[in-house]
Protein chains: 2
Amino acid sequence: MAITDSARPQPVGCDLCPLHQFARLRKLGPDDLAFLAKFKIGEAWFEPGAPILQEGTPDGRLYTVLAGWAYRYKLLDDGRRQVLNFIMPGDLIGLQAATMDEMHHSVEALTPMRLCVFQRDRLWDFYKSLPSLAYDITWLSSRSEIILDETILTLGRRTATERVAHLLLHLYDRAAGVGLAAKDQVRLPFTQQLFADALGLSLVHTNKTLRRMHGDRLIRWVDGECEILDREELERIGHYDGRDVPPQPFI
Amino acid sequence: MAITDSARPQPVGCDLCPLHQFARLRKLGPDDLAFLAKFKIGEAWFEPGAPILQEGTPDGRLYTVLAGWAYRYKLLDDGRRQVLNFIMPGDLIGLQAATMDEMHHSVEALTPMRLCVFQRDRLWDFYKSLPSLAYDITWLSSRSEIILDETILTLGRRTATERVAHLLLHLYDRAAGVGLAAKDQVRLPFTQQLFADALGLSLVHTNKTLRRMHGDRLIRWVDGECEILDREELERIGHYDGRDVPPQPFI
DNA sequence: CGGGTTCTTGACTAGTTTCAAGCAAAGTGG
DNA sequence: CCACTTTGCTTGAAACTAGTCAAGAACCCG
């Protein structure tokens, strides 16, 4: 599943971690970095469409995303798919398998991905030696809970238009937080089908909703490039509260 | 909001914690207990309907539920409500406010509740002194993530009947895990309105679905007492997988 | 006994899904 | 380099699920 070796950047020491450039991410002290460097066992690359983790397997690798987008999802046995959330640089993947016995969801790459690989069975050492980073993991879990809660509210109580408005702003803000959005514009590396599966709507209805919002000059989504035309109105429609996604520490 | 002092059981030492009786909960060692006892600053009681935590406040108390049910929810500004999940004995309340600056959801009691109160600002000490319990907190977060993920799948992709079947089995199994369910029977301490708000459905449609399932001899829900009449069929309808909720450690 | 919940049911409406079909763009293979 | 296929986007129409409105029954509480 990993891509060919050609053209890969070399793995870097944690002191040169590419995540450091993002202001929204918390800074690490030298002690943390030194320990982390020992905890890191390498890097992994995945191509778009590659399964990174799969539901039902005990596969317990633990990653931090250095670059690229992925999505976390679950399937019903008749094939219905629900996207749980989107994964961007700085996010942790696989903590569940590291603590529980097996994965309860799957993860698939949306773009070429570069991941930092940690040694899962040393997670426990990690907690003993570096309580500050253990605390950061708790922090990341809380942040992710906030996002999941918001998604539950969306799927349970927001209408189609509200869902689209909310999710687009959410994605834009998160992408902007890790330098992946230009002014009022994000590249969304997925199809409308996947977007529909994240909104809990059918593809057809999602498309019609997007077209209508396009007609209303709220957004412009062409060729995977999405532009926020009227942010204020979108926030109103989607009951969006920017407070939702605080900046994050990372591991 | 706390109830009167009369008829309250006395606060107990952690070695006598009532949660110990539940086999599904992990056992704690003597070191853990000794530290916890110092971390615990008392107990709190709430009556049904009492707000335990409120969205938007920095109120950062940290509780473990010793007895009683509650629910976690969010509101849209026009009043639409979505229940995020149900809270039962052994669950942690308020971790989010302990790590983030403010709450992003609210919690309200459904039954009389008895809570163990921890000193929030010592959470960090906690991580330093007792990595094994810090690890347990991570474990609890993962478990709760599994439940939230399943809820997202439910709200996004399950039909009304599937939702009811799934949620009832989920509640039954969790309640049974902490000794709150008799054979095929649970007391559900809430109205159909709240149940509807957990399912992401309207009250009327929820009621009609329940009546139909009653007619089909799948369940019997009378006066807040719910009986599982045909578990096998409910599992099939709700695409329910008991694997979803593993036993838990507690703090 | 009145007033307030909660549950229940019927009739109607609206939002969303399903079905179907066309089109454009990108990839495939001879 | 050009059919041919595949994938993703778009649109209209029909079917259906779930929501809204309304009203009555049962129950509890003061």
Side-chain angles (χ1 to χ4, degrees), chain A residues 47-49 71 76 78-83 108 110-111 154-168 187-216 219-227 237-238, chain B residues 47-49 71 76 78-83 108 110-111 154-168 187-216 219-227 237-238:
Chain A
E47 279 299 283
Y71 67 101
L76 247 23
D78 57 6
R80 279 174 283 176
R81 175 176 65 172
Q82 178 63 43
V83 172
E108 186 172 310
L110 287 169
T111 68
T154 291
L155 298 182
R157 291 296 177 225
R158 279 189 248 250
T159 67
T161 312
E162 292 170 351
R163 293 181 198 202
V164 170
H166 189 276
L167 182 54
L168 285 179
R187 162 142 281 277
L188 300 178
F190 45 76
T191 64
Q192 290 187 5
Q193 177 65 68
L194 194 82
F195 194 62
D197 285 347
L199 295 170
L201 297 171
S202 69
L203 165 63
V204 174
H205 195 59
T206 300
N207 178 271
K208 286 175 178 168
T209 305
L210 284 171
R211 299 270 72 225
R212 187 159 25 74
M213 293 174 77
H214 186 141
D216 294 347
I219 55 169
R220 224 172 64 85
W221 181 348
V222 182
D223 288 338
E225 200 71 39
C226 181
E227 195 175 348
I237 292 173
Chain B
E47 280 298 283
Y71 67 101
L76 248 23
D78 56 7
R80 280 175 282 178
R81 175 176 65 172
Q82 178 63 43
V83 171
E108 186 172 310
L110 286 169
T111 67
T154 291
L155 298 182
R157 292 295 177 226
R158 278 190 250 250
T159 65
T161 312
E162 292 170 351
R163 293 180 198 202
V164 170
H166 189 276
L167 182 53
L168 285 180
R187 162 142 281 276
L188 300 178
F190 45 75
T191 64
Q192 289 186 8
Q193 177 64 68
L194 194 83
F195 194 62
D197 285 347
L199 295 170
L201 297 171
S202 70
L203 165 63
V204 174
H205 195 61
T206 300
N207 179 270
K208 286 175 179 170
T209 305
L210 285 170
R211 301 271 68 227
R212 190 160 23 75
M213 292 174 77
H214 186 140
D216 293 348
I219 55 170
R220 223 172 66 86
W221 180 348
V222 181
D223 287 338
E225 200 71 40
C226 182
E227 195 175 346
I237 292 173

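FYI, side chains are in, hydrogens and waters are out, and symmetry mates aren't considered; it's all heavy atoms of this structure. Every chain is numbered from 1, with letters handed out A, B, ... down the list of sequences.
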Taking [atom1] from [X] and [atom2] from [N], how many angstroms apart are they, rounded to a whole number?
| X | N | atom1 | atom2 | result |
| --- | --- | --- | --- | --- |
| B/Glu162 | D/dT17 | CD | C1' | 12 Å |
| A/Arg212 | D/dT10 | CZ | P | 14 Å |
| B/Arg80 | D/dA18 | CZ | C1' | 15 Å |
| A/Trp221 | D/dC9 | CH2 | C1' | 11 Å |
| A/Leu210 | D/dT11 | CG | P | 11 Å |

To the nearest 0.5 Å, how far apart are [atom1] in [X] and [atom2] in [Y]?
| X | Y | atom1 | atom2 | value |
| --- | --- | --- | --- | --- |
| A/Leu201 | A/Thr209 | CG | OG1 | 6.5 Å |
| A/Leu188 | A/Thr111 | CG | OG1 | 12.0 Å |
| B/Asp223 | B/Cys226 | CG | SG | 12.0 Å |

Taking only residues two or more places apart in sequence or in another chain, which ones pass salt bridge (Lys or Arg N to Asp or Glu O under 4.0 Å) with [X]?
| X | value |
| --- | --- |
| B/Arg212 | none |
| B/Arg80 | A/Glu162, B/Asp78 |
| A/Arg220 | A/Glu227 |

Quiz item: Reading nucleotides 25-30 of chain D 5' to 3', which nucleotides get B (base under 4.0 Å from a protein heavy atom), which S (sugar-phosphate only), which -?
Solution: ------

Quiz item: Is the closest side-chain heavy-atom distance between A/Lys208 and A/Val204 below 4.5 Å?
Solution: yes

Quiz prompt | Side chain to side chain, A/Val164 and A/Ile237, heavy atoms closer than 4.5 Å | solution = no

Quiz item: Taking the six-membered ring for Trp, are B/Phe195 and B/Phe190 parallel (under 30°), tilted (30 to 60°) or perpendicular (over 60°)?
Solution: parallel

Practice problem: Go through the steps to decide whether B/Leu194 and B/Leu110 satisfy the test side-chain contact (heavy atoms from CB on, under 4.5 Å), and finish with yes or no. | Solution: CA-CA 10 Å; B/Leu194 194 83; B/Leu110 286 169; 3.7 Å; yes

Quiz item: For the helix from C/dC1-D/dG30 to C/dG30-D/dC1, what angle lies between the axis at the first five pairs and the axis at the last five pairs, to 10 degrees?
Solution: 40°

Quiz item: Cut-off 3.5 Å, side chains only: do A/Arg163 and A/His166 have a donor facing an acceptor?
Solution: no

Quiz item: Can you list, by residue number, the residues of residues 194-208 of chain B that have a non-hydrogen atom closer than 4.0 angstrom to DNA chain D?
Solution: B/Gly200, B/Leu201, B/Ser202, B/Val204, B/His205

Practice problem: On DNA chain C, reading 5' to 3', which nucleotide is the first and which the last to sit with an atom under 4.0 Å from a heavy atom of chain B, could you check? | Solution: C/dT6 to C/dA11

Quiz prompt | Residue pairs passing the salt bridge (charged side-chain N to carboxylate O under 4.0 Å, His left out) test where at least one lies in residues 189-202 of chain A, sequence neighbours excluded | solution = A/Arg81-A/Asp197, A/Asp197-B/Arg157

Quiz item: Of all residues at least two apart in sequence or in a different chain, which pass the side chain to side chain donor-acceptor pair (under 3.5 Å) check with B/His205?
Solution: none

